[in-house]
Protein chains: 2
Amino acid sequence: MASWSEHSVVRLSVYRRILSRLHEQSIKQVYSHDLARECRVSAAMVRRDLMGVDYSGSAVRGYDVSSLLKTLNHLLDGPRTQHVALVGVGNLGSAVLNYFGGRRPKLDIVAAFDRDPAKVGRMAYGVMVHPITDLKQVLHDKQISLGIVTVNGTEAQGVVDQLVASGVKGILSFAGMPLRVPPAVFIEDFDLVTALEKVAFFARTHGQTPGSQEQ
Amino acid sequence: MASWSEHSVVRLSVYRRILSRLHEQSIKQVYSHDLARECRVSAAMVRRDLMGVDYSGSAVRGYDVSSLLKTLNHLLDGPRTQHVALVGVGNLGSAVLNYFGGRRPKLDIVAAFDRDPAKVGRMAYGVMVHPITDLKQVLHDKQISLGIVTVNGTEAQGVVDQLVASGVKGILSFAGMPLRVPPAVFIEDFDLVTALEKVAFFARTHGQTPGSQEQ
DNA sequence: TCTTGTGAACAAATTCACAGCG
DNA sequence: CGCTGTGAATTTGTTCACAAGA
(Lines give C-alpha, C1' and ligand atoms only; values in the text may rest on other atoms or scores of the structure.)
Protein backbone atom coordinates (compact mmCIF):
# COMPACT_ATOMS: atom_id res chain seq x y z
CA MET A 1 0.00 0.00 0.00
CA ALA A 2 0.92 3.69 0.00
CA SER A 3 3.50 4.85 -2.50
CA TRP A 4 6.90 3.43 -3.12
CA SER A 5 10.12 5.29 -2.95
CA GLU A 6 12.88 4.63 -5.44
CA HIS A 7 15.12 3.42 -2.67
CA SER A 8 12.69 0.89 -1.35
CA VAL A 9 11.93 -0.51 -4.79
CA VAL A 10 15.64 -1.03 -5.39
CA ARG A 11 15.98 -2.79 -2.06
CA LEU A 12 12.96 -4.98 -2.73
CA SER A 13 14.59 -6.02 -5.99
CA VAL A 14 17.69 -6.97 -4.06
CA TYR A 15 15.69 -8.90 -1.47
CA ARG A 16 14.03 -10.78 -4.27
CA ARG A 17 17.33 -11.81 -5.74
CA ILE A 18 18.54 -13.07 -2.38
CA LEU A 19 15.31 -14.91 -1.75
CA SER A 20 15.64 -16.61 -5.13
CA ARG A 21 19.01 -17.89 -4.14
CA LEU A 22 17.75 -19.11 -0.78
CA HIS A 23 14.86 -20.78 -2.54
CA GLU A 24 17.23 -22.64 -4.84
CA GLN A 25 19.13 -23.79 -1.81
CA SER A 26 15.87 -25.10 -0.38
CA ILE A 27 16.04 -22.75 2.58
CA LYS A 28 12.48 -22.34 3.75
CA GLN A 29 12.48 -19.34 6.05
CA VAL A 30 14.56 -16.30 6.78
CA TYR A 31 14.76 -13.61 9.47
CA SER A 32 14.95 -9.92 8.75
CA HIS A 33 18.49 -9.77 10.07
CA ASP A 34 19.54 -12.57 7.70
CA LEU A 35 18.33 -10.59 4.72
CA ALA A 36 19.90 -7.48 6.22
CA ARG A 37 23.29 -9.10 6.57
CA GLU A 38 23.19 -10.22 2.94
CA CYS A 39 22.64 -6.75 1.59
CA ARG A 40 24.22 -4.16 3.82
CA VAL A 41 21.05 -2.69 5.25
CA SER A 42 19.71 -2.77 8.77
CA ALA A 43 17.20 -5.36 9.94
CA ALA A 44 14.79 -2.57 10.82
CA MET A 45 15.02 -1.32 7.24
CA VAL A 46 14.15 -4.74 5.89
CA ARG A 47 11.14 -5.02 8.15
CA ARG A 48 10.05 -1.50 7.24
CA ASP A 49 10.32 -2.28 3.53
CA LEU A 50 8.34 -5.47 3.90
CA MET A 51 5.68 -3.75 5.99
CA GLY A 52 4.27 -2.04 2.95
CA VAL A 53 4.09 -5.25 0.99
CA ASP A 54 0.98 -7.34 1.23
CA TYR A 55 2.71 -9.99 3.34
CA SER A 56 3.31 -10.77 6.97
CA GLY A 57 6.04 -12.81 8.55
CA SER A 58 5.79 -14.82 11.69
CA ALA A 59 7.52 -13.74 14.86
CA VAL A 60 8.69 -17.24 15.50
CA ARG A 61 9.68 -18.47 12.05
CA GLY A 62 10.52 -15.15 10.41
CA TYR A 63 9.57 -14.85 6.75
CA ASP A 64 8.55 -17.77 4.58
CA VAL A 65 10.94 -17.69 1.64
CA SER A 66 8.70 -18.98 -1.07
CA SER A 67 5.60 -17.00 -0.25
CA LEU A 68 7.53 -13.79 0.26
CA LEU A 69 9.23 -14.41 -3.04
CA LYS A 70 5.87 -14.85 -4.68
CA THR A 71 4.66 -11.57 -3.21
CA LEU A 72 7.71 -9.68 -4.41
CA ASN A 73 7.46 -11.22 -7.84
CA HIS A 74 3.90 -10.06 -8.04
CA LEU A 75 4.80 -6.54 -6.95
CA LEU A 76 7.94 -6.07 -9.03
CA ASP A 77 6.92 -7.88 -12.19
CA GLY A 78 3.44 -6.50 -12.55
CA PRO A 79 0.65 -8.20 -14.41
CA ARG A 80 2.32 -8.74 -17.78
CA THR A 81 5.67 -8.83 -19.55
CA GLN A 82 7.08 -5.43 -20.40
CA HIS A 83 8.89 -5.12 -23.70
CA VAL A 84 12.16 -3.26 -23.92
CA ALA A 85 14.07 -1.67 -26.80
CA LEU A 86 17.79 -1.03 -26.72
CA VAL A 87 19.26 1.77 -28.79
CA GLY A 88 22.96 1.74 -29.60
CA VAL A 89 24.50 -1.65 -30.29
CA GLY A 90 28.07 -0.63 -29.52
CA ASN A 91 30.31 -2.16 -26.97
CA LEU A 92 28.17 -1.28 -24.02
CA GLY A 93 24.92 -2.06 -25.78
CA SER A 94 26.19 -5.51 -26.70
CA ALA A 95 27.27 -6.12 -23.15
CA VAL A 96 23.83 -5.20 -21.91
CA LEU A 97 22.10 -7.44 -24.45
CA ASN A 98 24.35 -10.31 -23.57
CA TYR A 99 24.12 -9.84 -19.84
CA PHE A 100 20.44 -9.30 -19.68
CA GLY A 101 19.26 -12.09 -21.94
CA GLY A 102 16.60 -14.14 -20.19
CA ARG A 103 17.52 -12.98 -16.73
CA ARG A 104 14.08 -11.59 -15.96
CA PRO A 105 11.30 -13.37 -17.78
CA LYS A 106 8.90 -10.46 -17.35
CA LEU A 107 11.32 -7.95 -18.87
CA ASP A 108 12.04 -8.79 -22.45
CA ILE A 109 14.42 -6.92 -24.73
CA VAL A 110 12.64 -7.51 -28.01
CA ALA A 111 14.38 -5.09 -30.36
CA ALA A 112 17.66 -3.27 -30.79
CA PHE A 113 18.48 -0.25 -32.94
CA ASP A 114 21.59 1.22 -34.46
CA ARG A 115 22.31 3.75 -37.14
CA ASP A 116 25.32 1.86 -38.50
CA PRO A 117 24.13 -0.02 -41.63
CA ALA A 118 26.76 -2.68 -40.98
CA LYS A 119 24.96 -3.67 -37.82
CA VAL A 120 21.35 -3.62 -38.88
CA GLY A 121 19.59 -6.69 -40.16
CA ARG A 122 21.63 -9.02 -37.98
CA MET A 123 20.87 -10.60 -34.67
CA ALA A 124 22.89 -9.43 -31.69
CA TYR A 125 22.73 -11.77 -28.71
CA GLY A 126 19.38 -13.04 -29.79
CA VAL A 127 17.86 -9.66 -30.58
CA MET A 128 17.23 -8.25 -34.06
CA VAL A 129 19.02 -5.01 -34.84
CA HIS A 130 16.85 -2.53 -36.72
CA PRO A 131 17.79 0.71 -38.43
CA ILE A 132 17.06 3.56 -36.12
CA THR A 133 14.75 5.07 -38.72
CA ASP A 134 12.31 2.23 -38.04
CA LEU A 135 12.15 3.03 -34.36
CA LYS A 136 8.65 4.35 -34.18
CA GLN A 137 7.23 1.59 -36.33
CA VAL A 138 8.89 -1.26 -34.46
CA LEU A 139 8.08 0.16 -31.03
CA HIS A 140 4.48 0.35 -32.02
CA ASP A 141 4.37 -3.10 -33.59
CA LYS A 142 6.03 -4.77 -30.64
CA GLN A 143 4.26 -2.76 -27.96
CA ILE A 144 7.45 -1.59 -26.38
CA SER A 145 7.13 0.57 -23.29
CA LEU A 146 10.71 0.73 -22.02
CA GLY A 147 13.98 1.87 -23.56
CA ILE A 148 17.65 1.38 -22.79
CA VAL A 149 19.88 4.07 -24.27
CA THR A 150 23.48 3.07 -24.90
CA VAL A 151 24.50 5.74 -27.36
CA ASN A 152 26.91 8.49 -26.49
CA GLY A 153 26.35 12.00 -25.30
CA THR A 154 25.26 14.17 -28.15
CA GLU A 155 23.08 11.62 -29.91
CA ALA A 156 21.32 10.57 -26.75
CA GLN A 157 18.86 13.42 -26.43
CA GLY A 158 17.58 12.86 -29.95
CA VAL A 159 17.16 9.16 -29.29
CA VAL A 160 15.29 9.82 -26.07
CA ASP A 161 12.99 12.27 -27.84
CA GLN A 162 12.15 9.62 -30.39
CA LEU A 163 11.54 7.01 -27.71
CA VAL A 164 9.25 9.35 -25.85
CA ALA A 165 7.43 10.26 -29.05
CA SER A 166 6.92 6.54 -29.66
CA GLY A 167 5.19 6.09 -26.32
CA VAL A 168 7.95 4.76 -24.12
CA LYS A 169 7.20 5.29 -20.41
CA GLY A 170 10.55 4.45 -18.84
CA ILE A 171 14.15 4.85 -19.90
CA LEU A 172 17.42 3.55 -18.56
CA SER A 173 20.14 5.80 -19.93
CA PHE A 174 23.88 5.24 -20.08
CA ALA A 175 24.52 8.47 -21.92
CA GLY A 176 27.04 10.41 -19.92
CA MET A 177 24.71 13.35 -19.41
CA PRO A 178 21.30 14.16 -17.96
CA LEU A 179 18.56 13.98 -20.55
CA ARG A 180 15.33 15.87 -20.84
CA VAL A 181 12.04 13.96 -20.68
CA PRO A 182 8.48 14.98 -19.93
CA PRO A 183 7.44 14.43 -16.31
CA ALA A 184 5.25 11.44 -17.16
CA VAL A 185 8.29 9.48 -18.33
CA PHE A 186 10.55 7.89 -15.75
CA ILE A 187 14.24 8.12 -16.51
CA GLU A 188 17.16 6.60 -14.68
CA ASP A 189 20.66 7.76 -15.54
CA PHE A 190 23.67 5.64 -14.98
CA ASP A 191 27.03 7.03 -15.80
CA LEU A 192 30.15 4.99 -15.45
CA VAL A 193 32.41 7.98 -15.08
CA THR A 194 30.34 9.54 -12.33
CA ALA A 195 30.06 6.22 -10.53
CA LEU A 196 33.79 5.71 -10.55
CA GLU A 197 34.45 9.31 -9.53
CA LYS A 198 32.21 8.78 -6.56
CA VAL A 199 34.05 5.64 -5.55
CA ALA A 200 37.39 7.39 -6.01
CA PHE A 201 36.28 10.34 -3.93
CA PHE A 202 35.11 8.33 -0.94
CA ALA A 203 37.97 5.88 -1.17
CA ARG A 204 40.28 8.86 -0.87
CA THR A 205 38.56 11.02 1.68
CA HIS A 206 37.10 8.55 4.03
CA GLY A 207 37.94 5.00 4.15
CA GLN A 208 34.74 5.38 6.08
CA THR A 209 31.60 6.03 4.10
CA PRO A 210 28.97 8.55 5.04
CA GLY A 211 26.47 5.75 5.06
CA SER A 212 28.22 2.43 4.76
CA GLN A 213 28.37 0.74 8.11
CA GLU A 214 25.64 -1.56 9.26
CA GLN A 215 25.50 -4.74 11.11
CA MET B 1 34.07 22.14 4.51
CA ALA B 2 31.88 19.73 6.43
CA SER B 3 31.35 16.27 5.03
CA TRP B 4 30.02 15.30 1.68
CA SER B 5 27.01 13.15 1.04
CA GLU B 6 27.01 10.60 -1.73
CA HIS B 7 24.25 12.46 -3.49
CA SER B 8 26.05 15.76 -3.50
CA VAL B 9 29.27 14.24 -4.80
CA VAL B 10 27.37 12.66 -7.67
CA ARG B 11 25.75 15.97 -8.49
CA LEU B 12 29.05 17.81 -8.33
CA SER B 13 30.40 15.32 -10.82
CA VAL B 14 27.50 16.08 -13.11
CA TYR B 15 27.97 19.83 -12.73
CA ARG B 16 31.58 19.39 -13.65
CA ARG B 17 30.72 17.59 -16.82
CA ILE B 18 28.29 20.30 -17.81
CA LEU B 19 30.79 23.01 -17.00
CA SER B 20 33.37 21.27 -19.18
CA ARG B 21 30.99 21.41 -22.07
CA LEU B 22 30.22 25.05 -21.47
CA HIS B 23 33.92 25.75 -21.25
CA GLU B 24 34.52 24.11 -24.62
CA GLN B 25 31.79 26.27 -26.05
CA SER B 26 33.61 29.32 -24.64
CA ILE B 27 30.71 30.18 -22.38
CA LYS B 28 32.20 32.20 -19.56
CA GLN B 29 29.56 32.31 -16.86
CA VAL B 30 26.51 30.43 -15.77
CA TYR B 31 23.65 30.91 -13.31
CA SER B 32 22.51 28.31 -10.84
CA HIS B 33 19.25 27.86 -12.71
CA ASP B 34 21.12 27.20 -15.96
CA LEU B 35 23.01 24.35 -14.34
CA ALA B 36 19.79 23.21 -12.72
CA ARG B 37 17.94 23.04 -16.00
CA GLU B 38 20.70 20.96 -17.53
CA CYS B 39 20.53 18.27 -14.91
CA ARG B 40 17.05 17.93 -13.52
CA VAL B 41 17.82 19.47 -10.15
CA SER B 42 16.46 22.64 -8.56
CA ALA B 43 18.43 25.86 -8.63
CA ALA B 44 18.39 25.96 -4.84
CA MET B 45 19.98 22.52 -4.80
CA VAL B 46 22.75 23.69 -7.08
CA ARG B 47 23.48 26.68 -4.89
CA ARG B 48 23.37 24.54 -1.77
CA ASP B 49 25.81 22.05 -3.33
CA LEU B 50 28.18 24.80 -4.36
CA MET B 51 27.97 26.47 -0.93
CA GLY B 52 30.15 23.82 0.60
CA VAL B 53 32.76 24.13 -2.10
CA ASP B 54 35.50 26.64 -1.62
CA TYR B 55 34.12 28.97 -4.26
CA SER B 56 31.80 31.93 -4.47
CA GLY B 57 29.78 33.14 -7.38
CA SER B 58 28.79 36.69 -8.08
CA ALA B 59 25.22 37.82 -7.65
CA VAL B 60 25.38 39.69 -10.90
CA ARG B 61 27.34 37.41 -13.18
CA GLY B 62 26.52 34.08 -11.59
CA TYR B 63 29.32 31.53 -11.51
CA ASP B 64 32.51 31.86 -13.49
CA VAL B 65 32.72 28.69 -15.57
CA SER B 66 36.43 28.23 -15.68
CA SER B 67 37.21 28.97 -12.06
CA LEU B 68 34.31 26.89 -10.79
CA LEU B 69 35.49 24.09 -13.04
CA LYS B 70 38.94 24.39 -11.55
CA THR B 71 37.53 24.20 -8.04
CA LEU B 72 35.47 21.11 -8.83
CA ASN B 73 38.41 19.46 -10.54
CA HIS B 74 40.45 20.06 -7.44
CA LEU B 75 37.78 18.64 -5.18
CA LEU B 76 36.81 15.63 -7.27
CA ASP B 77 40.19 14.65 -8.62
CA GLY B 78 42.21 14.99 -5.47
CA PRO B 79 45.90 15.59 -5.36
CA ARG B 80 47.13 12.76 -7.57
CA THR B 81 46.04 10.21 -10.13
CA GLN B 82 44.30 7.18 -8.68
CA HIS B 83 45.05 3.86 -10.31
CA VAL B 84 42.29 1.41 -11.05
CA ALA B 85 42.21 -2.33 -11.71
CA LEU B 86 39.43 -4.05 -13.58
CA VAL B 87 38.64 -7.69 -12.86
CA GLY B 88 36.70 -9.68 -15.42
CA VAL B 89 37.44 -8.97 -19.06
CA GLY B 90 34.18 -10.34 -20.39
CA ASN B 91 31.65 -8.48 -22.41
CA LEU B 92 30.87 -5.93 -19.77
CA GLY B 93 34.47 -5.55 -18.65
CA SER B 94 35.53 -4.86 -22.22
CA ALA B 95 32.80 -2.30 -22.61
CA VAL B 96 33.97 -0.55 -19.47
CA LEU B 97 37.59 -0.53 -20.58
CA ASN B 98 36.67 0.81 -23.94
CA TYR B 99 34.27 3.40 -22.66
CA PHE B 100 36.43 4.67 -19.90
CA GLY B 101 39.72 4.95 -21.70
CA GLY B 102 41.20 8.38 -21.15
CA ARG B 103 37.96 9.98 -20.13
CA ARG B 104 39.22 11.14 -16.76
CA PRO B 105 42.92 11.80 -16.70
CA LYS B 106 43.14 11.47 -12.92
CA LEU B 107 41.49 8.05 -12.92
CA ASP B 108 43.58 5.56 -14.78
CA ILE B 109 42.71 1.93 -15.39
CA VAL B 110 46.21 0.50 -15.39
CA ALA B 111 45.59 -3.23 -15.20
CA ALA B 112 42.96 -5.82 -16.02
CA PHE B 113 42.60 -9.37 -14.76
CA ASP B 114 40.91 -12.50 -15.97
CA ARG B 115 41.13 -16.14 -15.12
CA ASP B 116 40.73 -17.30 -18.73
CA PRO B 117 44.22 -18.15 -20.04
CA ALA B 118 43.10 -17.24 -23.54
CA LYS B 119 42.68 -13.64 -22.45
CA VAL B 120 45.75 -13.06 -20.35
CA GLY B 121 48.92 -11.64 -21.79
CA ARG B 122 47.09 -9.55 -24.35
CA MET B 123 46.12 -5.94 -24.34
CA ALA B 124 42.42 -5.15 -24.10
CA TYR B 125 41.57 -1.60 -25.12
CA GLY B 126 44.98 -0.41 -24.16
CA VAL B 127 45.18 -2.25 -20.85
CA MET B 128 47.26 -5.37 -20.16
CA VAL B 129 45.29 -8.41 -19.04
CA HIS B 130 46.97 -10.32 -16.23
CA PRO B 131 46.16 -13.72 -14.79
CA ILE B 132 44.06 -13.28 -11.71
CA THR B 133 46.67 -15.13 -9.68
CA ASP B 134 48.98 -12.13 -10.08
CA LEU B 135 46.45 -9.78 -8.61
CA LYS B 136 48.15 -8.99 -5.35
CA GLN B 137 51.55 -8.53 -6.97
CA VAL B 138 50.35 -6.25 -9.74
CA LEU B 139 48.19 -4.16 -7.44
CA HIS B 140 51.14 -3.60 -5.23
CA ASP B 141 53.56 -2.83 -8.05
CA LYS B 142 51.23 -0.39 -9.73
CA GLN B 143 49.94 1.19 -6.51
CA ILE B 144 46.33 0.50 -7.36
CA SER B 145 43.76 1.74 -4.88
CA LEU B 146 40.50 1.22 -6.76
CA GLY B 147 38.83 -1.80 -8.33
CA ILE B 148 36.09 -2.39 -10.85
CA VAL B 149 34.49 -5.81 -10.60
CA THR B 150 32.87 -7.13 -13.75
CA VAL B 151 32.71 -10.81 -12.94
CA ASN B 152 29.48 -12.59 -12.24
CA GLY B 153 27.72 -13.42 -9.04
CA THR B 154 29.42 -16.28 -7.32
CA GLU B 155 32.98 -15.37 -8.21
CA ALA B 156 32.57 -11.77 -7.19
CA GLN B 157 32.91 -12.12 -3.44
CA GLY B 158 36.21 -13.93 -3.79
CA VAL B 159 37.52 -11.27 -6.14
CA VAL B 160 36.46 -8.52 -3.78
CA ASP B 161 38.17 -10.27 -0.87
CA GLN B 162 41.38 -10.39 -2.86
CA LEU B 163 41.10 -6.76 -3.85
CA VAL B 164 40.56 -5.75 -0.26
CA ALA B 165 43.44 -7.92 0.91
CA SER B 166 45.60 -6.15 -1.67
CA GLY B 167 44.83 -2.77 -0.20
CA VAL B 168 42.10 -1.46 -2.47
CA LYS B 169 40.05 1.29 -0.81
CA GLY B 170 37.15 1.63 -3.21
CA ILE B 171 35.24 -0.77 -5.45
CA LEU B 172 32.72 -0.33 -8.20
CA SER B 173 30.90 -3.62 -8.55
CA PHE B 174 28.71 -4.89 -11.36
CA ALA B 175 28.20 -8.26 -9.75
CA GLY B 176 24.49 -8.83 -9.48
CA MET B 177 24.59 -9.10 -5.70
CA PRO B 178 25.64 -7.16 -2.63
CA LEU B 179 29.19 -7.93 -1.57
CA ARG B 180 30.79 -7.92 1.82
CA VAL B 181 33.62 -5.49 2.50
CA PRO B 182 35.14 -4.10 5.70
CA PRO B 183 33.77 -0.71 6.71
CA ALA B 184 36.92 1.13 5.69
CA VAL B 185 36.38 0.15 2.07
CA PHE B 186 33.85 2.05 0.00
CA ILE B 187 31.78 -0.07 -2.34
CA GLU B 188 29.26 0.99 -4.93
CA ASP B 189 27.01 -1.63 -6.47
CA PHE B 190 25.47 -1.22 -9.83
CA ASP B 191 23.21 -3.90 -11.10
CA LEU B 192 21.69 -3.74 -14.51
CA VAL B 193 18.79 -5.98 -13.63
CA THR B 194 17.81 -3.97 -10.57
CA ALA B 195 18.15 -0.72 -12.50
CA LEU B 196 15.86 -1.92 -15.24
CA GLU B 197 13.40 -3.37 -12.76
CA LYS B 198 13.20 0.00 -11.10
CA VAL B 199 12.54 1.73 -14.40
CA ALA B 200 9.93 -0.87 -15.30
CA PHE B 201 8.20 -0.50 -11.95
CA PHE B 202 7.85 3.26 -12.09
CA ALA B 203 7.04 3.31 -15.77
CA ARG B 204 4.16 1.00 -14.96
CA THR B 205 2.85 2.40 -11.71
CA HIS B 206 3.28 6.08 -12.11
CA GLY B 207 4.04 7.81 -15.26
CA GLN B 208 4.80 10.25 -12.49
CA THR B 209 7.89 9.66 -10.42
CA PRO B 210 8.04 10.01 -6.67
CA GLY B 211 10.79 12.54 -7.11
CA SER B 212 11.17 13.42 -10.75
CA GLN B 213 9.67 16.79 -11.35
CA GLU B 214 11.70 19.94 -10.97
CA GLN B 215 12.13 23.02 -12.96
C1' DT C 1 15.52 43.62 -11.05
C1' DC C 2 18.32 40.13 -11.46
C1' DT C 3 21.30 37.25 -8.93
C1' DT C 4 23.85 34.48 -4.77
C1' DG C 5 24.08 32.64 -0.14
C1' DT C 6 21.66 30.92 3.67
C1' DG C 7 18.65 30.34 7.99
C1' DA C 8 14.52 28.21 8.69
C1' DA C 9 10.89 25.14 7.29
C1' DC C 10 9.81 21.06 5.43
C1' DA C 11 10.01 16.34 3.62
C1' DA C 12 12.06 11.90 3.16
C1' DA C 13 14.62 8.14 4.80
C1' DT C 14 16.29 5.56 8.47
C1' DT C 15 16.82 3.95 13.11
C1' DC C 16 15.24 3.39 17.87
C1' DA C 17 12.87 1.04 21.06
C1' DC C 18 9.35 -1.56 22.61
C1' DA C 19 4.67 -3.92 22.70
C1' DG C 20 2.95 -8.25 21.58
C1' DC C 21 3.31 -12.94 20.66
C1' DG C 22 4.45 -17.89 20.37
C1' DC D 1 13.76 -15.78 25.10
C1' DG D 2 14.07 -13.80 20.05
C1' DC D 3 11.23 -12.54 16.57
C1' DT D 4 7.98 -9.18 13.86
C1' DG D 5 5.49 -4.92 13.26
C1' DT D 6 5.32 -0.19 14.19
C1' DG D 7 4.75 4.48 16.49
C1' DA D 8 8.03 7.93 17.74
C1' DA D 9 12.44 10.07 17.39
C1' DT D 10 16.17 11.15 14.66
C1' DT D 11 18.94 12.07 11.00
C1' DT D 12 19.54 13.34 6.30
C1' DG D 13 18.19 15.72 2.18
C1' DT D 14 15.68 19.36 -0.22
C1' DT D 15 13.14 23.47 -0.85
C1' DC D 16 11.42 28.01 0.67
C1' DA D 17 11.90 32.59 1.09
C1' DC D 18 14.37 36.53 1.77
C1' DA D 19 18.43 39.67 2.99
C1' DA D 20 22.14 41.71 0.62
C1' DG D 21 24.65 43.14 -3.40
C1' DA D 22 25.40 45.32 -7.93
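Note on naming: letters A, B, ... go to the chains in the order of the sequence lines (proteins, then strands), and numbering restarts at 1 for each one.
Contact between the side-chain N/O atoms of A/S42 and the OP1/OP2 oxygens of C/dT15 is found at a separation under 4.0 Å. Side-chain N/O atoms of A/S32 include one lying less than 4.0 angstrom from OP1 or OP2 on D/dT4. Between A/Y63 and D/dG5 there is a side-chain N or O to OP1 or OP2 distance below 4.0 Å. Put simply, A/S56 has a side-chain N or O that comes within less than 4.0 Å of OP1 or OP2 on D/dG5.
Counting only residues at least two apart or in different chains, side chain to side chain donor-acceptor pair (under 3.5 Å) contacts with residues 145-156 of chain B comprise B/R115-B/E155.
Side-chain N/O atoms of A/R48 and base N/O atoms of D/dT6 include no donor-acceptor pair closer than 3.5 Å.
Of the candidates D/dG5, C/dA13, C/dG5, the closest approach to any side-chain atom of A/S5 belongs to C/dA13.
In the model, B/R17 has a side-chain atom that pairs as donor or acceptor with a side-chain atom of A/T194 under 3.5 Å.
Rounding to whole angstrom units, CD of residue A/Q29 and C1' of D/dG2 are separated by 13 Å. Here C/dT4 presents its C1' atom at 11 Å from CE of B/M51, a figure rounded to the nearest Å. The interatomic distance linking A/D49 (CG) with C/dA12 (P) rounds to 16 Å, in whole Å. Distance A/Y31 OH to D/dG2 P: 11 Å, rounded to the nearest Å. Rounded to whole Å, atom P of C/dT3 lies 17 Å from atom CG of B/D64. Between the P atom of D/dT12 and the CD atom of B/E6 lies a distance of 13 Å, rounded to the nearest Å. Straight-line distance from the CE atom of B/M45 to the P atom of D/dT12: 15 Å, rounded to whole Å. Following rounding to the nearest Å, A/R37 (CZ) and D/dC3 (C1') show an atom-to-atom distance of 15 Å.
Within a 6.0 Å radius of NZ in B/K106, other residues, nucleotides and ligands contribute more than 12 heavy atoms.
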I'd like a table of atom pairs between the protein and nucleotides 17-22 of chain D - only N or O on both sides, under 3.5 Å - with the distance next to each one.
unit_1	atom_1	unit_2	atom_2	d
D/dA17	N6	B/R47	NH2	3.3

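Formation of a donor-acceptor pair under 3.5 Å by the A/S20 side chain with backbone atoms of A/R16 is found in this model. The backbone N or O of B/L76 lies less than 3.5 Å from a partner atom in the side chain of A/R204, making a donor-acceptor pair. No side-chain donor-acceptor contact under 3.5 Å links A/H23 to the backbone of A/L69.
Residues forming a salt bridge (charged side-chain N to carboxylate O under 4.0 Å, His left out) with A/D108 (at least two apart in sequence, or on another chain): none.
In this structure, B/R61 reaches neither bases nor backbone, as no heavy-atom distance under 4.0 Å exists between it and the strands shown.
Because its NZ or CZ atom is not both nearer than 6.0 Å to the ring centre of B/F100 and within 45° of the ring axis, B/R104 does not count as a cation-pi partner of that residue.
Residues from residues 7-23 of chain A with heavy atoms under 4.0 angstrom of DNA chain C, sorted by number: A/H7, A/R11.
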Contacts under 3.5 angstrom, residues 60-68 of chain A side chains, donor-acceptor by atom type, not counting sequence neighbours:
unit_1	atom_1	unit_2	atom_2	d
A/D64	OD2	A/S67	N	2.9
A/D64	OD2	A/S67	OG	3.1
A/S67	OG	A/Y55	OH	3.4

Using a 3.5 Å cut-off and no angle test, enumerate the donor-acceptor pairs between side-chain atoms of residues 172-180 of chain B and protein atoms at least two apart in sequence or in another chain.
unit_1	atom_1	unit_2	atom_2	d
B/S173	OG	B/A175	N	3.2
B/R180	NH2	A/R37	O	2.6

